[in-house]
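Below is one structure, written out as structure tokens; comments come after it.
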Amino acid sequence: MSRPVTIAFDVMGGDHGPAEVVRGAAQLTLDSDSIHVLLVGDRQQIDEALSQVRHNAEHLAVHHTPDWVAMHEKPTVALDQKPNASVLLAAKLVHDGEADAMVSSGNTGAGVLSCARTFSLMPGVRRAALATVYPTATHRGEKNDPFSLILDVGATVDATADDLVAFAVMGSAYARIISKNKDPSVALLSNGTEAMKGPPRVVEANARLSTLAGVRFIGNIEGVDIPKGTADVVVCDGFVGNVCLKMLEGVSETVIELARYAYKEKLLWRAGIAMLSSGIERIKEVTDWEQYGGAPILGFDKLFIKAHGRSRARAITNAGKVAAKAVSRDLTRVITEGLPKS
Amino acid sequence: MSRPVTIAFDVMGGDHGPAEVVRGAAQLTLDSDSIHVLLVGDRQQIDEALSQVRHNAEHLAVHHTPDWVAMHEKPTVALDQKPNASVLLAAKLVHDGEADAMVSSGNTGAGVLSCARTFSLMPGVRRAALATVYPTATHRGEKNDPFSLILDVGATVDATADDLVAFAVMGSAYARIISKNKDPSVALLSNGTEAMKGPPRVVEANARLSTLAGVRFIGNIEGVDIPKGTADVVVCDGFVGNVCLKMLEGVSETVIELARYAYKEKLLWRAGIAMLSSGIERIKEVTDWEQYGGAPILGFDKLFIKAHGRSRARAITNAGKVAAKAVSRDLTRVITEGLPKS
Amino acid sequence: MTTPTRIYRWDLDKTYLQTEFDTFRQLVKTAFQKAHEKKAVPGAAALIRELKAAGNTRLCIVSGSPTQMRTVLTEKLKLDGVEFDELVLKDNLRNLVRGRFKALRGQVGYKLPVLLESRARAPQDAEEVLFGDDAEADAFIYSLYADMIARRVSEPVVYQVLEAAEVYPDDITRIIEQWKTIPQADPVRRIFIMLDRLTPPAYFSKYGPRVVPIFNYFQAALVLLGDRHLSATQVLKVTIELVQTAGYNLLTLSNSFQDLARRGLPLADVAQSLTEALQGPAAMLQMVRPVPDIIAAFSKRVASLGAQPPAPPARDIDYLSLLDDARPRDKKRTRFE
Amino acid sequence: MTTPTRIYRWDLDKTYLQTEFDTFRQLVKTAFQKAHEKKAVPGAAALIRELKAAGNTRLCIVSGSPTQMRTVLTEKLKLDGVEFDELVLKDNLRNLVRGRFKALRGQVGYKLPVLLESRARAPQDAEEVLFGDDAEADAFIYSLYADMIARRVSEPVVYQVLEAAEVYPDDITRIIEQWKTIPQADPVRRIFIMLDRLTPPAYFSKYGPRVVPIFNYFQAALVLLGDRHLSATQVLKVTIELVQTAGYNLLTLSNSFQDLARRGLPLADVAQSLTEALQGPAAMLQMVRPVPDIIAAFSKRVASLGAQPPAPPARDIDYLSLLDDARPRDKKRTRFE
């Protein structure tokens with residue numbers, strides 16, 4: 001049995017309400033003996049949700065707070081006004097050692113800000129990064145994983161070359177630990193594969209990564225390589241990464257939309273789609289990444305996994321598992337050791 | 001009959017060789033009485049290609065040069081070494097009035113650099129932008145066009161707020177003329193829809209566009225809005241735009257790859273796919289934008305349409321038509337009039 | 001002694017013993033297990049020992065296991081240091097072969113008369129605490145039994161329930177007659193339901209606050225401390241067994257504590273008693289290490305719940321409408337349902 | 001005069017007249033068109049007038065149109081100022097009704113004897129220039145005719161070709177006999193093929209450099225200037241008709257000029273003659289405005305081709321293998337084939 005790990009869940013603020021998060025966390029208490037969950041949110045809603053779902057109460061605790069940050073709220077204002085907002089409280093509980101890492105499917109900005117106000121940056125890291133996995137056409141690692149990791153996707157809008165190098169180290173460590181990929185390839189996202197392509201920060205980061213030990217840097221990649229899965233870890237600033245990530249989501253939605261449109265159109269197509277259904281399920285499984293795990297905020301001494309706002313229970317469960325794995329395999333230490341010594 | 005327009009085609013350097021470009025240009029001489037084509041490239045290869053294809057020689061001329069820039073060549077070096085490279089020669093012919101606009105499916109950098117060395121920037125424009133259309137889930141304009149325009153996608157890697165404003169004006173004018181969309185909506189790509197979201201250049205551009213007459217600015221959009229088609233014209237710097245554009249291509253390839261994989265897998269799926277074929281054709285038509293026209297370089301006094309390297313004849317024909325339309329509708333004048341007066 | 005006799009009635013399989021017989025293979029294995037191979041649910045033996053330690057108590061065990069297993073079961077209980085007063089086993093082998101009671105008739109028709117017979121022999125003022133599990137209809141049968149003795153349920157309802165449960169008519173007559181010989185009383189203090197299948201505790205709220213679903217016997221011990229069937233020191237002894245033999249720790253214990261608190265069980269006095277017991281001189285308590293943490297952890301868990309809502313009130317139970325709930329579920333539920 | 005007689009043989013439909021009869025509707029319309037409604041191919045009339053102006057020339061027209069149309073066709077040619085010496089029409093209406101020659105037999109079996117008959121009547125030293133189009137087998141028939149007179153093709157080959165073209169046996173006999181009465185000579189200087197269907201010019205390279213596919217009669221005029229059948233001034237007159245009546249301009253003219261140059265036709269002398277003609281005092285030439293541009297444009301187009309490769313050599317024609325090519329295509333090709 002691994003050493004027990006406690007994951008704090010910000011139960012409030014996800015698109016599907018507290019019940020979905022509670023269900024996902026409850027499932028975690030059944031799936032693993034070594035993971036404990038700490039549900040932070042409105043006690044009554046949590047208990048109401050728990051009354052509907054099997055769970056192991058020995059591995060579950062509730063920290064009540066009626067306050068939370070809604071999706072539309074401005075993070076700074078909301079956290080200033082609500083010191084007991086569930087997401088901030090979850091971060092504080094992690095900081096206080098009540099839990100080892102946190103998961104939230106609520107307002108991303110509020111999550112990142114809660115970390116920034118509560119956690120410390122690792123020595124050698126100047127800015128945090130939000131990383132996320134997405135499915136690709138390539139499979140990798142021990143688990144034959146179709147996912148690549150991309151960071152930053154929104155935490156640091158104006159990353160410097162130093163930041164990009166740190167992101168590369170953090171992403172590499174995370175892929176190694178979570179994807180069981182012993183030696184993940186790391187690439188910089190640019191507008192050309194040549195080392196000199198891109199804005200100065202990217203060019204400089206390329207030069208520095210080329211000589212950094214411990215990271216298997218494969219150079220620059222282009223946008224086309226993102227869905228192809230050319231690199232296991234894609235490094236970029238938060239502005240570019242955020243646009244890319246949201247675009248991938250949009251494309252996925254659009255493809256599904258088109259398929260639905262085609263479905264309505266013609267009887268013959270309908271028959272065809274019925275026959276194809278198992279195949280489409282498989283494609284959807286690879287395409288519809290929203291249901292897989294979450295996005296880690298890397299760079300702080302404590303880990304925060306940001307699950308998608310639209311996460312259903314299964315995504316929450318997976319986010320919790322990922323968080324627990326990162327903690328039990330000591331992600332923070334691995335990253336600290338990998339950062340360039342200055 | 002519209003006034004005759006001559007389009008110079010850089011025949012060399014596309015992925016499919018000169019024959020494909022010649023075929024596309026030859027078709028143009030059949031499709032329109034008012035378009036002339038000037039084929040710049042190796043005379044022997046051009047004649048060889050013409051021997052295979054119907055064309056109207058009255059609307060076609062050849063400018064021979066054996067030199068050209070390959071895809072892998074570094075533009076500055078190649079153009080320095082080959083002053084008679086087809087793409088540079090095409091630009092010079094446009095500059096000299098032998099043609100009104102140029103089309104190339106070769107090395108993009110060499111194309112843009114040829115323009116930069118040969119054409120003049122319009123007054124009020126500090127940096128050029130490479131724009132391209134891509135298919136979306138939304139339809140727009142008189143032609144019920146599923147395409148949105150995005151710029152810059154690679155010409156100006158580090159755009160300032162001023163540049164982004166100029167790009168918005170250029171994109172708006174181009175959409176108005178080419179897509180017959182009387183009042184195209186224009187948006188800034190950012191990591192959030194709020195006006196204050198994004199790096200300083202984007203925030204400032206947002207503020208300036210909000211008060212600029214002549215452009216229907218709808219604010220910031222996110223990556224998810226790109227495939228949705230929320231805006232008719234998407235404005236961003238060349239770094240972000242390049243990554244996005246190439247990612248869209250990669251996603252398209254990946255989806256097709258997955259479909260092909262599914263096809264092989266199972267007899268039942270094969271039957272289903274056969275039934276669906278017309279539906280898939282329709283989806284592919286909307287998804288597989290590589291065959292549509294090309295990407296205009298905007299900001300110079302002369303127009304350059306960059307066709308995709310993988311362009312087949314049909315794409316070349318369309319690129320030529322788009323170029324001719326832009327010339328005959330006086331795109332340059334429309335843009336100049338729309339720029340903010342300083 | 002002024003305290004009345006206390007009767008603790010226990011089911012065996014899944015309540016006292018960790019039994020798996022959902023597959024035929026498990027069933028056969030269970031049937032041929034030796035005494036020392038059988039495993040008790042963590043804390044069950046310690047809890048029974050502590051309950052028995054008060055004296056003037058009776059431990060009555062009713063099991064669906066066949067009489068042929070009496071020897072091995074007796075031996076197992078002896079190994080665990082559990083002294084019982086009654087051990088009722090089922091009279092034929094058929095039930096074993098069928099694996100478990102397939103029909104409600106099998107449960108109601110067997111357990112209810114056994115309980116009534118045992119009660120008939122008991123002192124009239126004897127209090128009872130019953131232990132069952134969520135695998136079968138224990139909550140239903142125990143509650144029906146309690147309410148029959150208290151005459152909170154009418155003869156026509158009992159008749160209808162037995163009929164709906166497909167108990168044979170002459171068995172029904174016998175049960176009703178037996179019942180009538182038992183003087184009216186309200187002896188059942190608690191019905192503990194061990195959540196072997198992790199049925200959500202709220203599922204049992206329809207049986208009223210008398211029924212307390214538990215994830216472990218530490219929770220039962222806490223409730224019994226509040227009910228004054230155990231002392232704080234005895235609770236600690238049960239706890240020590242859980243920590244030492246089943247890997248329980250501060251986290252699981254305090255989570256279990258909070259779980260009860262969230263369900264509205266009044267634990268303030270319990271926490272107070274535990275604190276005092278821990279601060280006492282008894283060196284044995286040092287085994288729960290680190291000592292001061294346990295109370296801090298419990299307090300923190302309770303504090304983190306905010307204001308405590310009132311405990312749920314007692315309620316009348318509508319047995320007829322609960323009959324369906326009480327029917328045994330056919331399969332162990334899978335994890336991802 | 002020391003120059004020998006020059007015979008210009010013209011096809012009518014699609015070579016001289018802009019005729020559309022690919023659909024039944026077009027066919028009927030063509031049949032009932034009045035003379036002034038018929039339109040000549042731009043520059044054709046001017047070219048014929050200039051060719052005729054040299055004197056000692058014969059204009060022989062052979063058309064597949066039926067004899068019933070003689071009046072309207074004669075009237076049309078008169079309206080255009082074209083004076084012909086022969087106008088051979090087809091002897092029955094069937095061809096009109098069938099729209100156009102459906103079989104090679106219809107073409108070879110009709111046109112070849114007509115050409116041979118006309119040649120039999122001509123002075124032995126008469127040179128010939130033939131005009132046809134790419135809609136039918138004109139390049140094939142004209143080349144065969146030329147090579148038969150020159151005896152570059154043997155009797156067995158002619159026989160096989162006619163047989164393969166399904167010409168009736170007695171017709172074959174008559175054709176061969178007629179041929180034998182004609183003295184050996186090599187009078188055919190050029191065969192122009194008007195590219196009505198925009199067949200790629202290279203398609204005709206198998207007929208050797210004698211066959212010159214043309215996109216317009218400006219190209220024919222340029223070649224005839226090189227062949228000394230026209231003067232530079234005459235070429236400019238043809239050009240002026242094209243500019244004034246058909247929207248030709250500097251661009252289309254210089255493109256046409258370059259097209260010939262690319263195909264290896266030697267145009268250096270032609271350009272020189274044109275330059276001199278334009279620089280002459282004739283005020284008429286001022287109509288081609290802006291005057292200096294035309295030569296500059298032509299020079300630029302030629303210069304932009306780099307070094308001129310050698311002109312293609314004359315070659316023997318393998319008529320048997322070309323029979324399939326010569327069969328009329330069934331439909332006008334669509335644009336996106």
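Here is the naming used below: chain letters follow the sequence lines, and residue numbers restart at 1 for every chain.
- Contact annotation for C:D259: only side-chain heavy atoms (C-beta onward) come within less than 4.5 Å of a heavy atom of chain A.
- Atom NZ of C:K300 and atom CG of A:D96 lie 8.0 Å apart (nearest 0.5 Å).
- There is no contact between A:T65 and chain C, counting heavy-atom distances below 4.5 Å.
- Residue with the most contacts toward chain A among C:S254, C:S205, C:S304: C:S304 (heavy-atom pairs, distance under 4.5 Å).
- For A:H95, the NE2 atom sits in a loose shell: 12 or fewer heavy atoms of surrounding residues, nucleotides or ligands are nearer than 6.0 Å.
- For the set A:L38, A:L89, A:D47, A:I46, the entry with the most heavy-atom pairs within less than 4.5 Å of chain C is A:D47.
- When side chains are defined from C-beta on, A:Q52 does not count as touching C:P200, because their heavy atoms never get closer than 4.5 Å.
- Residue C:F218 does not touch chain A at all, counting heavy-atom pairs closer than 4.5 Å.
- Between atom OG1 of residue A:T29 and atom CG of residue C:L198 there is a gap of 7.5 Å, rounded to the nearest 0.5 Å.
- Between the side chain of A:R43 and the backbone N or O of C:R262, at least one donor-acceptor pair lies under 3.5 Å.
- In this structure, A:E58 CD and C:N255 CG are separated by 8.5 Å, a value rounded to the nearest 0.5 Å.
- The contact between A:N56 and chain C is made by backbone and side chain atoms together, counting heavy-atom distances below 4.5 Å.
- Expressed to the nearest 0.5 Å, how far CZ of A:R54 lies from CZ of C:R197 amounts to 9.0 Å.
- For a heavy-atom cut-off of 4.5 Å, chain C lies close to no residue in residues 102-110 of chain A.
- Taken from NE2 in A:H63 to CG in C:L305, the straight-line distance is 9.0 Å, to the nearest 0.5 Å.
- Aromatic ring centres of C:F215 and A:H55 lie closer together than 6.0 Å.
- The heavy-atom pair separating C:Q258 from A:L60 by the smallest distance is OE1-O, 4.4 Å.
- Heavy atoms closer than 4.5 Å to chain C are found in both the backbone and the side chain of A:V62.
- The local environment of CD in C:E37 is crowded, with over 12 non-hydrogen atoms from other residues, nucleotides or ligands closer than 6.0 Å.
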